[in-house]
Amino acid sequence: MMAADQTGLGVPPSLSAKVVGSFAYLTIRDRLPTILTKVIDTIHRNKNKFFEEYGEEGIQAEKQTISLLSKLRNELQTDKPVLELTDGLQDTESWNRYLQRQQRLRGDEEAVSWFKSAWLYMECYMYRRIQEALWLNPPMSDFDVFNEAKTQSFFESQQAVMTMCTYLEGVNKNVEKLSENQLFEQFNKLLQVSLWGNKCDLSISAGQGNSQKSSPIDSLNSLQSFILVDDSNMVWSTLNSAKRPGQSGKSSADRVDIVLDNAGFELVTDLILADFLVSSGLARQIHFHGKSFPWFVSDVTANDFQWTIRQTVAANHKWMSMSGVQWQNYVKEGVWCYHDHPFWTQPHEFCDMAADAPDLYSTLQEADLVLLKGDLNYRKLTGDRDWDHTIGFNTALRGFGPAPLCSLRTLKANIQVGLQPGQGEKLTSQDPNWMTSGKYAVIQFSSPKSE
Ligand code: F6P
Ligand code: MG
């Protein structure tokens, strides 16, 4: 396990914690090659499509991409040194600087290699190298190697999506008549549906189906005891106290940003929450943040975002289709905006954002509330460190606080902060895999004001 000071990330000694390492080793050895093998297989299966679209050039690109990816898999499996990127894209220099920084920290004797580096870094690096293999073979540049898995997960969750759209229609129809308490109750339900939507990511299952089949609203009661930290009251008060001086209209908050995680059912739950925030007047505008290229198997790209809305519009189900039309209008009218920024597909911890991506940091500063979905965002919020479970969430954020923020995360990695004394130990004795099974979750809030 690497000690925190080796990371050079300036963690004060009193707050030092180890970079999560032992689980990392297992994951890289077992899960990442499986994902790479699936990517190679997907490209191979689509060979006819490349031929139809690009002729012989398409076939050559398919062969060369597969050869680069097979080489990558071999580098990974045999713990070869991490190589600099060569594709000269917008983020290439920044990635290479990050690698050089890792190498400097390690010293000259030993190259930074797959099994001897931080898990967070290596996992991110693998997805960036997959993209490099595609970008170096231009006819394949826009081919999303995870598209099949993402669309399949969406279609497998259809019943749950219809149930949720029908539920949303019922809430929206009466929203004006709801008392403060009833509004809070609905907010809580839809926040929790979006939270549990995060169970449905495909990277934890190495691309195997992981969709929502049962009714999400009906499951909420039985899931309640698995929420280890529930700061939803603070999220609610933040939204309600966000009305700015001189602001007219019914909205409480001017703007909520949602840092998206996975496509498929999870994205639908985020859109439903966003719809409710606007229709209830809790927010005037929603800004979504997605990934600029396919990432961690199921993460949302601009294409997934638009595709999901189009599919919802086209659904042969009245309320689902009506929800889709509403979402399309929100996008057209600028009530909903979608952004991507290269920072989200880099290995940096979020406490580096102000220095490494100041434009993104300023964008988030404009929000009254930032919701960050998912496990990977939590790892980046807390620096993927082996913190004591009782360390405060604010402390683990190490200065990251562009706006009041809330992590909505099901636990899939060996990190959890902000627990009560003894809570972590009790969980470990009852359920040794509590941090990695996706069975538990947190709604964890932090506000720059609360420091
Ligand atoms: O557990 C495997 C893993 O790839 C983690 O590295 C990552 O944190 C998680 O899955 C992705 O989960 P999410 O989609 O919730 O960020
Ligand atoms: Mg994800």
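Any value given below was found using the heavy atoms of this structure, including those in side chains, with hydrogens, waters and symmetry copies removed. One-based numbering, in listed order, for ligands and for the atoms of each.
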Task: D375 contact mode with ligand 1 (heavy-atom cut-off under 4.0 Å) - done: both
Open item on the list: Considering both backbone and side-chain atoms of L376, is one of its nitrogen or oxygen atoms within less than 3.5 Å of a nitrogen or oxygen in ligand 1?
Closed with: yes
- [ ] Describe, in one word, how the ring planes of H289 and H339 are oriented to each other, choosing from parallel (under 30°), tilted (30 to 60°) and perpendicular (over 60°).
- [x] parallel
Open item on the list: Only heavy atoms of N198, strictly under 4.0 Å: list the atoms of ligand 1 that pass.
Closed with: 15 (O)
- [ ] Validate the cation-pi geometry between R379 and W119: distance from NZ or CZ to the six-membered ring centre under 6.0 Å, angle to the ring axis within 45°.
- [x] yes
Open item on the list: Hydrogens and angles aside, do N303 and T301 bring a side-chain donor and acceptor to less than 3.5 Å of each other?
Closed with: no
- [ ] Apply salt bridge (Lys or Arg N to Asp or Glu O under 4.0 Å) to K80 and list each qualifying residue two or more places apart in sequence or on a separate chain.
- [x] none
- [ ] If the plane angle is over 60° it's perpendicular, under 30° parallel, otherwise tilted; pick one for W344 and F350.
- [x] perpendicular
Task: Proximal atoms of ligand 1 relative to G374 (non-hydrogen, under 4.0 Å) - done: 15 (O)
Open item on the list: Classify the ring geometry of F400 against Y361: parallel below 30°, tilted from 30° to 60°, perpendicular beyond 60°.
Closed with: perpendicular
Open item on the list: Between T345 and R128, is there a side-chain donor-acceptor contact under 3.5 Å, judged purely by atom types and distance?
Closed with: no
Task: N/O/S atom name from D261 that is nearest to the position of the Mg ion (ligand 2) - done: OD1
Task: Best match, E266, R379, K412, K199: closest heavy atom to atom 7 (C) of ligand 1 - done: R379
Open item on the list: Is W119 close enough to touch ligand 1? Criterion: a residue heavy atom under 4.0 Å from a ligand atom.
Closed with: yes
Open item on the list: Can you tell me if R31 contacts ligand 1 (heavy atom of the residue under 4.0 Å from the ligand)?
Closed with: yes
Task: Metal-centred angle, the Mg ion (ligand 2) as apex - OD1 of D299, OD1 of N262, 10° resolution - done: 80°
TODO: Measure D261 to ligand 1 on non-hydrogen atoms and call it side chain, backbone, both or neither using the 4.0 Å cut-off.
DONE: side chain
Task: salt bridge (Lys or Arg N to Asp or Glu O under 4.0 Å) partners for E132, two or more places apart - done: R129
Task: Per-atom contacts, ligand 1 versus E123 - under 4.0 Å to a heavy atom - done: 3 (C), 4 (O), 5 (C), 6 (O)
